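A quick note: this is a predicted structure, and the numbers were derived from the prediction, not measured. Start at 1 and go down the list; that is how both ligands and their atoms are numbered.
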Amino acid sequence: MPLTPRQARLASELISDPAYVSGERRFKTPITRDDAVDLAGSMHEQMDAAAEARATAAKGLGKPLACGPGCSGCCEELVMIFRPEALRIARWLKLRDNAAARQRFLEVYPDWKQRVGDTPTQIADLFGSGDEAAHEAALEAHWRRRIMCAFNQDGMCTIYPVRPLLCRNAHALETSANCYGDNPTQLVRLRLKSDELDAFVGNARSCLRAAHHAIGGPRMRPAALCDAVAELL
Ligand code: SF4
């Protein structure tokens with residue numbers, strides 16, 4: 001879904017001022033929920049193209065990506081998102097063709113919610129506090145609890161076409177054995193460094209955060225993927 005000229009202009013304006021990204025300043029241009037969903041879709045498409053190039057590069061280096069169907073260690077990380085991605089996923093789940101995925105999610109969500117407790121709230125608080133180290137530590141502590149994302153069914157992502165940017169960027173080289181949070185060696189999980197791709201991901205995340213603020217989302221406050229989508233269904 002290529003961006004229209006207006007959407008492309010919006011995307012570049014949204015990241016033109018750090019105060020839009022942080023929510024300190026109100027975005028100057030009216031932006032609709034449809035715009036936000038389209039921006040998320042475009043970021044996802046661009047991310048897929050970049051990830052494909054990364055997979056090819058990894059293969060060329062003799063260190064192919066270990067990720068594949070049924071491999072879901074990274075699905076035990078707590079995925080925190082902003083509203084544009086939550087809206088895109090909720091809209092997709094409301095399509096008649098995706099009724100089974102929606103129903104399955106609504107069935108398993110209460111158990112997921114009960115298991116995660118108030119961790120998403122604590123992590124959202126830490127994100128806004130600017131305490132990077134504490135935020136990272138809380139995410140890692142959650143990961144070690146090994147609570148599977150409520151959108152994962154038998155190792156497969158039930159919202160694969162609309163999964164968040166973070167999920168599209170997750171990858172491991174050669175083996176996924178170190179991708180599980182209770183693996184003592186998980187911190188040495190190998191990723192392929194790419195300045196270009198890392199810069200794209202940084203910009204895409206900034207754009208989605210600024211769009212979140214522009215459509216009235218709470219300032220510097222992401223939500224856990226499952227919570228954010230459940231609230232919209
Ligand atoms: S949305 Fe899909 S890919 Fe992302 S954590 Fe959940 S199951 Fe895994």
> What atoms of ligand 1 come closer than 4.0 angstrom to any heavy atom of C75?
Replying inline: 3 (S), 5 (S), 7 (S), 8 (Fe)

> Is atom 2 (Fe) of ligand 1 under 2.8 Å from any N, O or S atom of C157?
Replying inline: yes

> For H44 and R88, does a side-chain donor sit closer than 3.5 Å to a side-chain acceptor?
Replying inline: yes

> Which atoms of ligand 1 sit under 4.0 Å from any heavy atom of C167?
Replying inline: 1 (S), 3 (S), 4 (Fe), 5 (S)

> For ligand 1, which atoms, with element, lie under 4.0 Å from some heavy atom of N152?
Replying inline: 7 (S)

> Side chain or backbone of L166 under 4.0 Å from ligand 1, or both, or neither, by non-hydrogen atoms?
Replying inline: neither

>> Below 2.8 Å, can you find an N, O or S atom of C149 next to atom 6 (Fe) of ligand 1?
In response: yes

> Stepwise, does the side-chain hydrogen bond (donor to acceptor under 3.5 Å, both in side chains) test hold for S72 with E76?
Replying inline: CA-CA 7 Å; S72 50; E76 294 173 353; 5.9 Å; no

>> Using a 6.0 Å distance limit plus a 45 degree cone around the ring axis, check whether R163 lies over the aromatic ring of Y160.
In response: yes

> How are the rings of F105 and F151 set relative to one another: parallel (under 30°), tilted (30 to 60°) or perpendicular (over 60°)?
Replying inline: parallel

>> Quick check on contacts: which atoms of ligand 1 are under 4.0 angstrom from a heavy atom of L225?
In response: 1 (S)

> How does T158 reach ligand 1, by side chain, by backbone, by both or by neither, if only non-hydrogen atoms under 4.0 Å count?
Replying inline: neither

>> Applying side-chain hydrogen bond (donor to acceptor under 3.5 Å, both in side chains) to H213 and R219, what does each step give before you reach the verdict?
In response: CA-CA 6 Å; H213 292 133; R219 191 175 162 218; 5.6 Å; no

>> Pairing donors with acceptors under 3.5 angstrom, does anything connect the side chains of T29 and R9?
In response: no

